[in-house]
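Report on the structure given below.
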Amino acid sequence: MAASGAEGLPGRREGGGGEAAVLRGHEGAVLAVRFNGDGNYCLSCGRDRTLRLWNPHRPAHIKTYSSHAREVRDVHVTTDNAKLVSCGGDRQLFYWDVSSGRVIRKFRGHDSEVNSVKFNEYNSVVVSAGYDRSVRAFDCRSQSAEPIQIVDSFQDSVMSVILTKTEIIAGSVDGTVRTFDIRMGREVVDNLGHPVNCISLSNDGNCILASCLDSTLRLLDRSTGELLQEYKGHTCKSFKMDCCLTNTDAHVVSGSEDGFIFFWDLVDASVVSSFRAHSSVVTSVSYHPKDACMLTSSVDGTVRVWKQ
Amino acid sequence: MDEGDEDYVVYGTPIEREEETSARKRRAIADAGQLRALPPWKQEVRDEEGRRRFHGAFTGGFSAGYYNTAGSKEGWTPQTFTSSRKNRADVKQQSIYNFLDEDDIKDMGGRALETSMQFDTFGFTAAELARKEAEKEQEKRPSAIPGPVPDEIVRPAANSIGIKLLMKMGWRQGRSIKDTHADSLYESRREARKAFLAFSRDKDGPELAEIESSRSESEKYPERSDDIFGGTKSTPVYVLNPKQDLHGLGYDPFKHAPEFRDRKRSRESRDKDRGNNKRKYAPGFGIGALEELDIEDEDIYASGFDFEQMEVEEVEPTKMIGDSWHKLVDRKRGSMLSFKVASNSDYVLERFRPPVIPADFESRHKFPTTLESTNKFPELPPPEVPPPEDNNLRLLIEGSAAMVARCGKSIEDLYKEKSKTNQLFLFLSGGEGHNYYERKLWEQKQKRGDLGRQNNTKSMKSSDEKMNAENRGKVLGERPLDRSSKASSLSVDVKEVIHLQSNLGDTFIKPVGLSESLKPFKYDPAKQERFEQFLREKYHGGLRAAQPFITNIMSETDRARERLDFEAAAEAIEKGTWSKEKETDPLSILKDLPFINDQRFVSSTEVEKHGVSKDEQKVIHPKREEFEWRPSPILCKRFDLIDPFMGKLPPVQRPRSRMDSLIFMTETIKSSKSEEAIASTRDSILLSHSESKETEKQLITQETDAEPIAADVQRPVDLYKAIFSDDSDDDDADEGNSGHSTDPVKTNEGANMTLNRLVAGDFLESLGKELGLEVPTDKPGPPDKPPNSILVEAASKGDINSSSVHEKLTSQHEEFDRPMEEKHKDNISKSADNVVTNLSINQNEESKPHSRHQRSRSRTPDSDSSDDYRDKKRKTHSRRRRSRSPSTDSSSDRHRSKRNRSKATHRKRGTTDTDSSSDHLYRDRSKSEGKSRKRSRHHKHRRKDGHKNR
């Protein structure tokens, strides 16, 4: 079962795949790496206060975006690849023009470091989650730098935010995953009982994968809020680390603090594959939307591309 | 764009983002960024250069350059007046130099103030100038190389005056200024040789010169080398060893031991190296000039490295000191060359044996007898004396003896003092029965001494073996303890002690029976132990014993939490409720009392939750809860969704804590109380207007045909306007009423006002009733609601509850609508004997200025009935008008139509507003007025949105 499940995974050296490329350039830790919408490019950001645009398939470094005054923690690209938004330690969101590399706008409002940021479907709103226990939404179309919505029902730092067409979902250190349904005007609080480090949505949109700080990933059913599965084996205790599902929703991927990457089977939660990817903490994993390709970033300053 | 070149073809040069060159400007911008984060009252206005131009009124006011002057350089300098008629201001000749700054002038070739090259000691400007001149010259001169020759090739030589002078004095480049002896000697010798050579050339010819020159060469070399070694070659540029120590000036601690100097220097350099990376920052990049280093910049990821370094560092010195022998041998060839290790060391560490404690030594000093007995007691007892015959006297003597024995000598003196006048106490000072008194006193003292000694020995014994609760109780005269129950699960001695302790606590303070069955932490022996320890401490007070080893394992928070539990448990035990509630099953205890949580990462709230429900977390997590959440309209719009709360009432802030809701409540009560009092009295008086009656009637009759949706949407705003009399609706009302009565302005204003007050007053009155506050009642139906219950509910539940309030309020309104006239009569008659009458009169008077104000405001549209204004109004209210009577907009029979309209308006406003938006208003009240006004605008906005979406 486990062997058959490991077939389509990147990073498996036996199958001829494995590390396809190493993207070097960041000085210091790389804090996040993200594929763009179609998976042709990727963006990384790190403690050297820059964002870097790469072509991970060639591999090539395309552009560097630097204006941040502190470390950059998260980045997201619009679906049309025209704009970027990034956030980090300087309490502002930077709204970039991709081609010119200039900052179009800076969104202020967070009282503290911003952990995560996302565009909505229409690229008109930027939603960010911060250490100041709030989720804030900013309007990209207006000139105002002030938030149009502040959600401050969290009781601790909000680590991660994801958006669907109608909802804002955010995970917080207070142990909750909160879903704000804009259409219904409801806030659904799923209390996991453990600090939530990162949340990620399954590709079918029915499940939330939440990485908790007790070294456990939890898979929640979104409609009922029940716990579907728990994935253990990796270490995740003190760093902000990403988790994600593979493009087929067959496996769950997460990094580990010891530099390993873990693959679990989605259904029976067995560790399908684990291998050492980096020499240090794996801060981020990002999975290609269509192909079996994965990006990992680490504190050791590299971004690695893994292919089948 | 290094590797990306193959992907992209780049045309032209990229437009770089313009960099602000001025440092000040940049700083100003950075400041502005920070300023914006500040609250408005802390922000400062600065010009684009970052200078503060606007000062407070007392610190200079606006200053554009010349502070505290008339705004010119001259300021208030007195001048005589000169008429410009006669002497016209002469036309100033302006040149371009007037507008250039110094650098530019220099570039233009003008004269700028600079150092004359004559006094330019080190020749920087001179060199510069020379080069410039050379360049100029070069242009004129034809040259082999076409075009300007690079500066590097043609370097003009120009020496400064100082160098020139020195050279004239014989100094050469690279020499020290000070003439060394050797140098001068060499120089003079050479001169002499030259002279000699010149002299001898005439005789011997060139061959001698050859020899001489070769000799001089050979002679020259040693001297040269000497020169080098002497270190006199060049002037010292800077002090190599700046003074950094704390020694006195000129004091050299290594004067007689230069060997140590190198050692010290090497150590310092090592320290410096280490000091550079004392705090590790993320590698590879620095931090901006505008940022300050703080904890965030530390490299959290590279953790292990520092540790290694520390180890090395610590090991080294200890080794050096500890086994210095081997170390020194190793280091023989090191920096301490001239030291040799002694073959035998004289220094032996002296050690002393601890003193021998004698076997019979006791750590406490024992008094052989009581203090009193040794000091005060005469050895011989007074002889036995028969008591005096007088029985009274005997009793008195015995009593006073006992008294004196107990209280000491002073009381005897006091008695003696008294006995001088009193015959009865003569026995004290040697009168009758003195002997007997002496004897009695001795006896008493003996008795007390015995007792004391007994106590003493007893306590000593107990402390020697073990303090027994029983004998202590005996000593202190307490009731005996029961030692019936025996330990079941715990180790016996612990239990013993605890039990004893609790029983002691019982006897000392209050009955707290901590019997075996009442152990609150039975399931966790360690915890139980700690709990008992806690109880012991709690009931005993005094110095706290050192924490037992168990607590050391727990974290600080755990300990604190556990302590809270213990407190709760102790309290429960005290109340005696423990056995009833908690004892039955340990699971229920589990629910109430948290475990020690050994999880590493616990958020603050997590802790709380643990405290509340441990087993819930175990079983039910993940737990799902649902709340109402209100997205902002703009967010919905951006997400391309329909606002679920469109047209609904604005949200009430969910109270964060109980504290908040309490505050909220009290404020509401306060405000509504005063408002309600005012409004109700106004109501009662203003009802006398006939217009008001009429309008009220109309209100009732025409209520039904209002368009429901529109009303739904518009209500909240309108009521608010009605109360705080916004102008737009007044306008409508004015138009309507203008044709209605003989004195249009006055009556319509009056009616308007009345209506407004009526609505507001009525609402507030009913609200007050709802709250159970004292209202000058004019209706039956006593407020039987408990005063605060609704408010608390409303405050805590927010808008969920609002509907119920709303219902109640509407019912009140119906009641109010019905008996308008009779109520009015009632009102007057009742208020005659009411205390509130005074108040109402006052209120009436007070309301006058208000009404005047209103009049002036409401009149404006009438007085300047410009068409565009009307149009605007019509636009804003077009929707409403259409819904009511589409034909009325013709301008010919304006008055009549207006009247109709006004009635309609009134009806609309009066009824629909009051009942539906009551809760809205109620909520608004709780907020500040300004806020709610804003909200009304907000509503309008949303209404528009609603139209669009529909």
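Naming: A, B, ... by sequence-line order, numbering from 1 per chain.
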Which region of [X], side chain (C-beta onward) or backbone (N, CA, C, O), has a non-hydrogen atom less than 4.5 Å from a non-hydrogen atom of chain B, or is it both or neither?
| X | value |
| --- | --- |
| A/F180 | both |
| A/L53 | neither |
| A/N123 | neither |
| A/I150 | neither |

Gap separating the [atom1] atom of [X] from the [atom2] atom of [Y], nearest 0.5 angstrom:
| X | Y | atom1 | atom2 | answer |
| --- | --- | --- | --- | --- |
| A/Q149 | B/R630 | CD | CZ | 10.0 Å |
| B/L635 | A/I168 | CG | CD1 | 5.0 Å |
| B/L641 | A/K165 | CG | NZ | 10.5 Å |
| A/E187 | B/W629 | CD | CH2 | 8.5 Å |

Out of [options], which one racks up the most heavy-atom pairs below 4.5 Å with chain B?
| options | result |
| --- | --- |
| A/L163, A/D300, A/T224 | A/T224 |
| A/R218, A/H26, A/R141 | A/R141 |
| A/D181, A/T64, A/N55 | A/D181 |
| A/S100, A/C212, A/S124, A/G101 | A/S124 |

Find out whether B/E628 and A/R186 are in side-chain contact, i.e. whether some heavy atom of one side chain is under 4.5 Å from a heavy atom of the other.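 Yes, side chains in contact.
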Determine, stepwise, if the pair A/D190 / B/K623 fulfils salt bridge (Lys or Arg N to Asp or Glu O under 4.0 Å). CA-CA 5 Å; A/D190 289 317; B/K623 197 167 60 182; over 6 Å; no
Write down the atom of A/T164, the atom of B/F639, and the distance for their closest heavy-atom approach. O-CE2, 3.9 Å
In a check of side chain to side chain contact (heavy atoms under 4.5 Å, CB included) between B/P631 and each of A/I182, A/I148, A/T166, which one passes?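 Only one of A/I182, A/I148, A/T166 forms a side chain to side chain contact (heavy atoms under 4.5 Å, CB included) with B/P631, namely A/I182.
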Given A/V188, A/V177, A/N191, the one that forms side chain to side chain contact (heavy atoms under 4.5 Å, CB included) with B/R624: A/V188
